[in-house]
Asker: 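The structure's right below; bear with me while I get my questions together.
We name chains A, B, ... by the order of the sequence lines, and we start the count at 1 in each one.
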Number of protein chains: 2
Amino acid sequence: MKNVTINDVAHEANVSKSTVSHYLNGHFTKMGPDTRDRIARAVRNLDYSPNHIAKSLKNKRTMTIGVIVANILHNFSTRVIRSIEDFAHGHGYHVIVCNTDNSPEKEADYIRMLLAKQVDGLVVIPTAQNGALFTELAEKDYPVVFVDRYIENVPIQSHMLDNGASVRTAFEHLSERGHREIGFLTEPVEGIVARQERYAAYRGLCASYGIRPLPIQVEKEGMVSSLEQLADQGGLPASLIVANDLALFELLKMAKQRVILIPDDLSIISIDDIEFADFFNPGITVIAQPAVEIGTAAVSALFEMMNNSKNTSGIERFQPYLIERESVKQYEDQ
Amino acid sequence: MKNVTINDVAHEANVSKSTVSHYLNGHFTKMGPDTRDRIARAVRNLDYSPNHIAKSLKNKRTMTIGVIVANILHNFSTRVIRSIEDFAHGHGYHVIVCNTDNSPEKEADYIRMLLAKQVDGLVVIPTAQNGALFTELAEKDYPVVFVDRYIENVPIQSHMLDNGASVRTAFEHLSERGHREIGFLTEPVEGIVARQERYAAYRGLCASYGIRPLPIQVEKEGMVSSLEQLADQGGLPASLIVANDLALFELLKMAKQRVILIPDDLSIISIDDIEFADFFNPGITVIAQPAVEIGTAAVSALFEMMNNSKNTSGIERFQPYLIERESVKQYEDQ
DNA sequence: TTGTAGGCGTTATCAC
DNA sequence: GTGATAACGCCTACAA
C-alpha cells in the first residue's frame, strides 16, 4: 500500500507538481480547462488524497486542537468536550482528548506532547500546579483557554460558571422555603478553584444570613461511610447544598442505605444538573450550569486567538439557573 | 515566537544536525562525552523540543489514533473512550475523538480526514452504511477495529458484548421469578447491529419459552408519550426488558409521570449498567457490560495490527453479568 | 498557463 | 565519532 503522492498525480496527468498543487488549492483561475480535467481524472484514478502531515509541516497549522480535562467520565467534561468537538468539526478541526486525573505531572506531560505535535491551540480544565508553564504559553501568545477553573495570576482567559451565584441561588432557595439549617457537602476544596469559590460563597452566605455553617468536606472515597457515621450520630443538617454531581451520588447512596427520606428528613439541592435528576424519586432540585454554552464559548474564544495570534485574558462567567423539583422541603410556617 | 529547530541546537553546540539527531534518539553509544554535554546544554538553553510533525512526515507514524463513536455523550462510549485513551497514553499515543451521530456521511468524512492526517489506526463504532469503505481499508491492511457493532461481510475485527447472552440472562432472570408477560423496549433496530441482535434474541426466547412477544419499538423522541399512551390503555406488560440506557431513561420518566410503581406495577431489567441504577429508588436490576474491558481489548488488538501491519478479523464477544437490585418483582407462587 | 527550485524540521545513509 | 546530503510530501515565489 504505497501512498500516492502529488508527484504521482503530476506524472499521471503529465503536468508538474506545482500545477497539481494549484489545482488542489482551488487556484483554477488561470489554468487550461484541459489540464484541469487531466488532473481531475488523475486524482480520481489514483484515488489521491493529500497528506495532511506534509501540509502541516509547510503551513505550520495542523488543524487540530488539544482538549485537556481532569476526567472525561465527568458529566460536565463530557458535555464540554462534545460541544468543543462539534464546533471544531464545523471549522474543519479535529480534537485530541486527554485525561489528567487532576495530576499536574500528567498535565504538563500532555501539554508538552501536544505542543510537540504542533496542535494549534489548547482548551484546558487546569490543575492548580502548572501556573508557570501556562504563563509561559500565554506570554508566547500560544492559544490557550481555560474552562471551569482558572489559575491565580496566570493571564489566560477562562470560561466558567459563576460559582458564587450558583451557591447563592441554592442558598436563597433553601432560605425562602424556611430552612435555617443549611449544610454544604463537598470534596476537599484544596487546589480546585471551582470548589473553593463555592465553599467561600457558602461561608459568606452563612455569615450574612446569620446561619451556623455546617460544612462537610470529605474525599469521595469514604464519603458514603463518613456520611453514614454523621447520620447515625444525628449530625446531619436538615438541608444540604451539594457541591457537585459526584458528591450527590455518594449522598444519595448513603440516603438509600440509611433510609433517609428526601426531602422530609433531608432537603437536597445540588450544583450541576445530571440526567437522572429529573426522573429520580424524588426529583432532585438542582442548580444547572450551561456546559454546552461554556464549552462553545471557550472554543470560540480559542479560535479567535488562533486567528489573531493574540491571546486575551480575563474570566468570563456564566449564569447558573435553578431547576426546581422535589428534593427541597417547604416549611409550612414560612 | 520563532520555533527553535534542530539546526539552532546544532549551531549552538557547534556540531551538525545529524549529531544532534543521534543524541536526541539516544544513540549515545559512540559519541564524545564532551559533544554530548555541549548538545545537552544547547538543548536546555534553547528550550528545544523536537517537532513531531516533521518527525511524522519522515517516519510515517503520527503516534495518533482516531476514535469514531456515535456520540460521546453515551455512557458506554465515554467509558470506552476513556479506556482507549488510557491505553494509548500508556504507549505514547494520542487519541482524536469524533462523533458521527450515527450519520454515515459524517462517518465517511471523518475517516477520510483522519486518514489524510495519517493517524496510525482507527477504533470505530460503525454505522451500517460504509461497508465498502471499511472493506477497502481492511484490504489495505490499514489498522481498524470495531467496537460494539460490526458490519456483515466486512473483514474487520470487532469487540462487542454478547448481546444474545445479555438478553437471555435478563429473560431467564425474569422467568425464574415467575414472569410470563415479558416485553421488550427498544429504539428502532433498523441498521444497528447491537439492537438487532438483542431483539432477535428476545424473539427467540419468547418462542422457546412459549411466551407471547410484546416488543415495543419506538424512536427515543416521543418514546415517553408513546409509553404513556400504552400505559393509559393498559397495554404495558408486567415486565420489560429494556434494550439500553437511553430507553431506560425514557421509561423511567414515563413511570414517574404516570405513577407506575416499580416493581409492583412493572418489573424492569435493563441492559447496560448506569451510574444511578444503584441508588435509584428502587435500585434497577441490570445486565452490565464490561465497557472498559471491551475498549481495552479493542485498542490492544489495534496496536497489535499496527505493529504487525497485518489486520485480523472475527468477532470477539464479551460476557455480560447480572447485577440484581430491586426492580424485578418476585411472584410468590413460583 | 505551466514549470523549477527551495524549504518546512526530521531522520537515515554513507562518507570522512 | 561526526558531518554532508538526500529524502519525506507539500507549498510558493519566481521564471519561463
Asker: Would you verify whether the NZ or CZ of A/Arg36 falls within 45 degrees of the ring axis of A/Tyr23 while also being under 6.0 Å from that six-membered ring's centre?
Answerer: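 Here A/Arg36 fails the 6.0 Å and 45° test against A/Tyr23.
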Asker: Send over the distance from B/Ile53 CD1 to D/dC11 P, rounded to a whole Å.
Answerer: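 Atom-to-atom, B/Ile53 to D/dC11, this comes out as 14 Å.
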Asker: Not counting sequence neighbours, which residues clear salt bridge (charged side-chain N to carboxylate O under 4.0 Å, His left out) with A/Lys55? List them please.
Answerer: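 With neighbours one apart ignored, the set is empty.
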Asker: For the rings on A/His22 and A/Phe28, is their centre-to-centre separation under 6.0 Å?
Answerer: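 No, too far apart.
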Asker: Ignoring hydrogens and angles, answer whether the base of D/dA4 and the side-chain atoms of B/Ser18 contain a donor-acceptor pair closer than 3.5 Å.
Answerer: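 Such a pair exists between side chain and base.
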Asker: Do any N or O atoms of the protein come closer than 3.5 Å to N or O atoms of nucleotides 7-9 of chain C, and which pairs are they?
Answerer:
{"residue": "C/dG7", "atom": "N2", "partner": "A/Lys58", "partner atom": "NZ", "Å": "3.1"}
{"residue": "C/dG7", "atom": "N3", "partner": "A/Lys58", "partner atom": "NZ", "Å": "3.3"}
{"residue": "C/dC8", "atom": "O3'", "partner": "A/Lys60", "partner atom": "NZ", "Å": "3.4"}
{"residue": "C/dG9", "atom": "OP1", "partner": "A/Lys60", "partner atom": "NZ", "Å": "3.2"}

Asker: What's the NE2-P distance between B/His11 and D/dG3, to the nearest Å?
Answerer: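 After rounding, the reported distance stands at 12 Å.
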Asker: Find the distance A/Asn59:CG to D/dT12:P and express it as a whole number of Å.
Answerer: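 In whole Å, D/dT12 P lies 6 Å from A/Asn59 CG.
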Asker: How would you label the contact of A/Thr35 with the nucleic acid (heavy atoms, under 4.0 Å): base, sugar-phosphate, or nothing?
Answerer: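 Sugar-phosphate contact only.
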Asker: Where along residues 111-120 of chain B does a heavy atom fall under 4.0 Å from DNA chain D?
Answerer: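 Within this stretch, nothing sits under 4.0 Å of the strand.
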Asker: Mind checking what makes salt bridge (charged side-chain N to carboxylate O under 4.0 Å, His left out) contact with A/Glu12, not counting sequence neighbours?
Answerer: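 A/Glu12: no salt bridge (charged side-chain N to carboxylate O under 4.0 Å, His left out) contacts found.
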Asker: Taking B/Asn130 for its side chain and B/Pro104 for its backbone only, find out whether a donor-acceptor pair lies under 3.5 Å.
Answerer: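 Yes: the side chain of B/Asn130 pairs with the backbone of B/Pro104.
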Asker: Charged N to carboxylate O under 4.0 angstrom, B/Arg41 versus B/Asp37?
Answerer: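 No, no charged N to carboxylate O under 4.0 Å.
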Asker: Roughly, in whole Å, what's the span from NE2 in A/His52 to C1' in D/dC11?
Answerer: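 For the pair A/His52 NE2 and D/dC11 C1', the rounded distance is 13 Å.
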Asker: Is the ring pair B/Phe134/B/Phe146 parallel, tilted or perpendicular, if the boundaries are 30 and 60 degrees?
Answerer: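 Taking B/Phe146 first and then B/Phe134, their aromatic rings stand perpendicular (interplane angle over 60°).
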Asker: Using the side-chain hydrogen bond (donor to acceptor under 3.5 Å, both in side chains) rule, take A/Thr312 and A/Gln157 through it: C-alpha gap first, then chi angles, then the decisive distance, then the call.
Answerer: CA-CA 6 Å; A/Thr312 53; A/Gln157 181 164 4; 2.6 Å; yes
Asker: The side chain of B/Ser21 is closest to which nucleotide in this list: C/dT11, D/dC11, C/dT2?
Answerer: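 For B/Ser21, the side-chain atoms sit closest to C/dT11.
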Asker: Apply the side chain to side chain donor-acceptor pair (under 3.5 Å) test between A/Lys106 and each candidate in A/Asp101, A/Thr127, A/Asn99, A/Thr100; give the one that qualifies.
Answerer: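 It is A/Asp101; the other options fail the test.
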Asker: Could you tell me how far apart B/Met63 (CE) and C/dT11 (P) are, to the nearest whole angstrom?
Answerer: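 So the CE-P distance, B/Met63 to C/dT11, works out to 13 Å.
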Asker: Quantified as the angle between the terminal helix axes (five pairs each), what is the overall bend of the helix from C/dT1-D/dA16 to C/dC16-D/dG1 to 10 degrees?
Answerer: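 Inter-axis angle at the termini of the helix from C/dT1-D/dA16 to C/dC16-D/dG1: 50°.
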Asker: Between P on D/dT2 and CG on B/Asn14, what's the gap in Å once rounded to a whole number?
Answerer: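 Those two atoms, CG and P, are 12 Å apart.
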Asker: Carefully, step by step, assess B/Thr62 and B/Lys117 under the rule side-chain hydrogen bond (donor to acceptor under 3.5 Å, both in side chains).
Answerer: CA-CA 8 Å; B/Thr62 53; B/Lys117 266 191 187 156; over 6 Å; no
Asker: Has B/Asn25 got a side-chain N or O lying under 4.0 Å from the OP1 or OP2 atom of C/dT11?
Answerer: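 Result: yes.
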Asker: Specify the separation, in whole Å, of atom NE2 of B/His22 and atom P of D/dA4.
Answerer: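 Between P of D/dA4 and NE2 of B/His22: 14 Å.
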Asker: Taking only residues two or more places apart in sequence, or in another chain, which ones meet B/Arg195 in a salt bridge (charged side-chain N to carboxylate O under 4.0 Å, His left out)?
Answerer: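 B/Arg195 satisfies salt bridge (charged side-chain N to carboxylate O under 4.0 Å, His left out) with B/Glu187 once adjacent residues are dropped.
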Asker: Please determine whether a side-chain nitrogen of the Lys or Arg among B/Arg112 and B/Glu107 lies less than 4.0 Å from a carboxylate oxygen of the Asp or Glu.
Answerer: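 No salt bridge links B/Arg112 with B/Glu107.
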Asker: Would you kindly give the OH-to-P distance between A/Tyr23 and D/dC11, to the nearest whole Å?
Answerer: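 About 14 Å, once rounded to whole Å.
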